[in-house]
Visitor: 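The structure under discussion is supplied below as structure tokens; questions concerning it will follow.
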Amino acid sequence: MPSLSYPLSSLSLALVLSILFACQSEPATDLGQVAMIPKPVEVIADSSNFVLCTSTTIEVADDPVLKELAEYLQQSIKEATGLEAALKIGEAGKSCCNIVLAYSEERPAVPESHNITIDKKTVTILAGKGDAAGLMRGIQTFRQLIPLEPSADKEDHWKIPTGRIVDQPMYGYRGMMLDVSRHFFSVEDVKRVIDLIALYKINYLHLHLADDQGWRIEIKSWPRLTEIGGSTEVGGGPGGFYTQEDYREIVAYAQSRYITIVPEIDMPGHTNAALASYPELNCSGVSPDLYTGTDVGFSTLCTSKEVVYQFVDDVMRELADMTPGRYIHVGGDESHITALEDYIPFIERVNGIVTKYNKTMMGWDEISHAAITPGSVVQYWRHAENAIRGVEKGASVLLSPAHKVYLDMQYDSTTELGLHWAAYIEVDSAYQWAPSQLVEGLDADAIIGIESPLWSETVTTIDDIEYMVFPRLLAHAELGWSATKNHNWADFKRRFQAYVPFLDRLEVNYYRSPKME
Ligand code: ACM
């Protein structure tokens with residue numbers, strides 16, 4: 001052999017050795033036993049391991065969206081293990097220990113569907129052509145596969161069992177709502193919420209931006225809304241508001257996790273903060289005082305005044321301009337002092353304004369009294385007849401039954417935070433209901449999904465938010481994402497118990513429910 005052969009064969013030997021030892025397989029764990037929430041449609045376990053280790057790479061085609069997803073996965077792996085997986089952009093996956101994010105050739109039959117194939121050398125997360133959201137949901141599942149601890153004998157090896165996961169959502173809309181009006185929450189708090197809900201494949205975050213106690217979004221054409229209306233909150237604290245830059249930052253952060261922000265301006269009731277800011281919005285022409293209590297149903301925009309519609313138009317124009325998502329929520333609930341004959345034409349004009357700005361109107365179930373545009377979304381919270389009437393008018397329904405999904409409801413009579421006007425909602429009650437059968441007479445095909453609202457009369461800190469949200473949101477996330485055949489309380493409980501250390505690692509201040517023991 002020529003003299004060159006020695007260095008070459010030594011190189012190949014080194015390569016073989018590094019492959020052998022860098023990602024050496026160890027006794028297998030079982031993919032079927034890994035606690036995943038929400039439960040995937042199908043998990044087929046194999047009998048070996050993929051080992052996440054120092055030589056693991058993340059490989060994607062040369063595409064800016066895929067690169068961003070790869071960076072998100074890279075960061076997630078680092079947070080879970082400390083490993084710095086190298087990115088390989090535009091390189092086909094040939095090396096040992098690679099994770100490939102890729103699109104298939106075909107468009108997805110169901111958006112967000114994805115497959116994860118794990119063999120000894122490669123993890124492939126595959127979604128339909130162009131369906132980046134499907135890859136993001138697959139990444140969230142993959143994060144749940146990374147064990148809490150490295151291998152007993154190698155502290156830079158994390159074993160992931162081999163097999164295949166086939167998954168797709170039950171509903172296209174899986175939401176959470178955060179009331180930032182009764183108490184204000186910072187941009188950082190909202191980002192923390194976004195990060196936590198992303199793990200459970202929640203894809204909409206509805207922000208309740210205006211209510212009696214506070215107006216929380218800068219509207220440049222009506223600046224006193226935030227100067228005055230944003231200056232306090234329940235209990236008389238300092239309140240606060242998002243500048244348009246803040247809001248755009250939240251929207252972009254959510255988008256990077258494939259979560260859509262749905263902004264809500266509640267009207268014509270729940271408007272004391274706006275009425276206190278601008279006297280012309282009141283029928284009396286006189287502004288009320290700011291309000292820091294927790295009553296509802298006492299305020300209304302003056303629906304007979306033209307200036308009110310100029311106000312609504314300006315607010316919707318500015319809001320639509322900074323909201324890439326398709327929905328704008330107009331509230332419409334509990335307008336107790338607005339006569340129905342005033343309420344109905346008001347909602348119809350507001351509907352026209354929302355449509356003019358190329359958005360789809362969403363509102364609490366009371367809006368179905370009006371002649372709403374077909375395709376609007378009625379958010380069922382309390383009145384079954386309103387949801388059914390909405391469907392008769394061509395609307396879709398988002399399910400937020402207060403007695404099952406309101407996250408501000410107390411777990412039981414000993415819960416210090418929260419209210420209980422709709423129910424006490426322990427985790428078993430949050431889980432054990434069938435969305436498609438909840439409202440008798442409601443066409444199941446009209447249901448777009450489930451949303452869990454957190455009203456903030458009693459909730460003042462991010463710790464409070466986490467305590468009321470977790471673990472109930474995990475139950476709702478499973479009802480919204482997982483196939484009905486996979487809804488099983490005993491199995492959910494088992495997976496949750498195994499999953500608890502992950503919540504601890506994320507330092508989530510979750511409620512320790514006796515129902516989950
Ligand atoms: C609501 O809880 N008032 C929608």
Visitor: So does Arg495 pair up with Glu478, basic N to acidic O under 4.0 Å?
Guide: yes
Visitor: Answer with yes or no whether the side chains of Thr122 and Asn98 bring together a donor and an acceptor at under 3.5 Å.
Guide: yes
Visitor: Between atom CD1 of Ile265 and atom CD1 of Ile219, what is the distance when rounded to the nearest 0.5 Å?
Guide: 6.0 Å
Visitor: Just verifying a value: how many Å separate Met136 CE and Ile259 CD1, rounded to the nearest 0.5 Å?
Guide: 8.5 Å
Visitor: Considering only NZ, NE, NH1 and NH2 on the basic side and carboxylate oxygens on the acidic side, decide whether Lys356 and Asp313 come within less than 4.0 Å.
Guide: yes
Visitor: Quick one: pull up CD1 in Ile462 and OG in Ser186 and give me the separation to the nearest 0.5 Å.
Guide: 7.5 Å
Visitor: Ile425 and Ala402: which non-hydrogen atoms are nearest, and at how many Å?
Guide: CD1-O, 3.4 Å
Visitor: State the CE-OG distance between Met176 and Ser400, to the nearest 0.5 angstrom.
Guide: 11.5 Å
Visitor: In sequence, state the C-alpha distance, the side-chain angles, and the governing distance for Asp365 and Arg389, and then conclude on salt bridge (charged side-chain N to carboxylate O under 4.0 Å, His left out).
Guide: CA-CA 9 Å; Asp365 60 49; Arg389 189 189 314 107; over 6 Å; no
Visitor: Closest approach of Ala132 and Tyr103, non-hydrogen atoms and distance?
Guide: CB-OH, 3.6 Å
Visitor: Flag the pair Leu398 / Tyr173 as yes when at least one side-chain heavy-atom distance between them is below 4.5 Å, and no otherwise.
Guide: yes
Visitor: Taking all non-hydrogen atoms of both residues into account, name the closest pair between Lys393 and Ala371 and its distance.
Guide: NZ-N, 4.2 Å
Visitor: Please walk me through it: do His208 and Ser181 pass side chain to side chain donor-acceptor pair (under 3.5 Å)?
Guide: CA-CA 7 Å; His208 185 76; Ser181 177; 5.3 Å; no
Visitor: Could you tell me if the ring centre of His383 sits under 6.0 Å from that of Trp381?
Guide: yes
Visitor: Applying salt bridge (charged side-chain N to carboxylate O under 4.0 Å, His left out) to Asp119 and Arg164, what does each step give before you reach the verdict?
Guide: CA-CA 9 Å; Asp119 63 32; Arg164 189 169 151 79; over 6 Å; no
Visitor: Walk me through it: do Gln379 and His329 pass the test side chain to side chain donor-acceptor pair (under 3.5 Å)?
Guide: CA-CA 9 Å; Gln379 187 166 10; His329 200 299; 2.8 Å; yes
Visitor: Do NZ/NE/NH1/NH2 and the carboxylate oxygens of Arg137 and Glu112 come within less than 4.0 Å?
Guide: yes
Visitor: Give a yes-or-no answer on whether the side chains of Ser513 and Glu426 include a donor-acceptor pair shorter than 3.5 Å.
Guide: yes
Visitor: Is Arg494 salt-bridged to Asp491, going by a charged N under 4.0 Å from an acidic O?
Guide: yes
Visitor: Looking at every non-hydrogen atom in both residues, tell me the closest pair between Thr162 and Leu31 and how far apart they are.
Guide: O-CB, 3.7 Å
Visitor: Backbone N or O of Ile448 within a donor-acceptor pair of the Ser396 side chain at under 3.5 Å?
Guide: no
Visitor: For residues Ile77 and Glu84, determine if any side-chain heavy atom of one lies less than 4.5 Å from a side-chain heavy atom of the other.
Guide: no
Visitor: Mind checking the OG-CZ spacing from Ser429 to Arg472? Nearest 0.5 Å is all I need.
Guide: 9.5 Å
Visitor: Does a salt bridge link Lys191 with Glu249, judged by any charged N lying under 4.0 Å from a carboxylate O?
Guide: yes
Visitor: Is there a salt bridge (charged side-chain N to carboxylate O under 4.0 Å, His left out) between Glu71 and Lys67? Walk through the geometry before answering.
Guide: CA-CA 6 Å; Glu71 284 165 353; Lys67 180 165 176 279; 3.1 Å; yes
Visitor: Taking the inter-plane angle between the rings of Tyr431 and Trp489 on a 0 to 90° scale, is it parallel (under 30°), tilted (30 to 60°) or perpendicular (over 60°)?
Guide: tilted
Visitor: Work out which heavy atom in Leu148 is nearest to a heavy atom in Pro501; give both atom names and the distance.
Guide: CD2-CB, 3.2 Å
Visitor: Contact between Asp179 and Asp408 at the side-chain level, heavy atoms closer than 4.5 Å - yes or no?
Guide: no
Visitor: Determine yes or no for a side-chain-to-main-chain donor-acceptor pair under 3.5 angstrom, with Glu106 supplying the side chain and Gly128 the backbone.
Guide: no
Visitor: Does the Lys NZ or Arg CZ of Arg257 fall within the cation-pi geometry relative to Tyr253 - under 6.0 Å from the ring centre and within 45° of the axis?
Guide: yes
Visitor: Between Thr29 and Asn49, is there a side-chain heavy-atom distance shorter than 4.5 Å?
Guide: yes
Visitor: Mind checking the OG-NZ spacing from Ser376 to Lys359? Nearest 0.5 Å is all I need.
Guide: 14.5 Å
Visitor: Is the Phe502-Tyr499 ring centre distance short of 6.0 angstrom?
Guide: yes
Visitor: Which residue is it: Gln432, Met516, Lys493? I am looking for the one with a side-chain contact (heavy atoms from CB on, under 4.5 Å) to Val427.
Guide: Met516
Visitor: Would you indicate whether the side-chain heavy atoms of Leu479 and Tyr171 approach each other to under 4.5 Å?
Guide: no
Visitor: Report yes if some heavy atom in the side chain of Ile447 is under 4.5 Å from a heavy atom in the side chain of Tyr380; otherwise report no.
Guide: no
Visitor: Take Trp481 and Asp167 through the side chain to side chain donor-acceptor pair (under 3.5 Å) test and state the conclusion after the steps.
Guide: CA-CA 9 Å; Trp481 175 277; Asp167 210 1; 3.0 Å; yes
Visitor: Side chains of Thr355 and Thr360: closer than 4.5 Å at any heavy-atom pair?
Guide: no
Visitor: Between Glu79 and Arg505, is there a salt bridge with N-O shorter than 4.0 Å?
Guide: no
Visitor: As a quick check of understanding, evaluate side chain to side chain donor-acceptor pair (under 3.5 Å) for Thr323 and Tyr247, giving each step before the final call.
Guide: CA-CA 9 Å; Thr323 302; Tyr247 178 81; 2.8 Å; yes
Visitor: Do the side chain of Glu218 and the main chain of Thr243 share a donor and acceptor less than 3.5 angstrom apart?
Guide: no
Visitor: Find out whether Thr260 and Leu205 are in side-chain contact, i.e. whether some heavy atom of one side chain is under 4.5 Å from a heavy atom of the other.
Guide: no
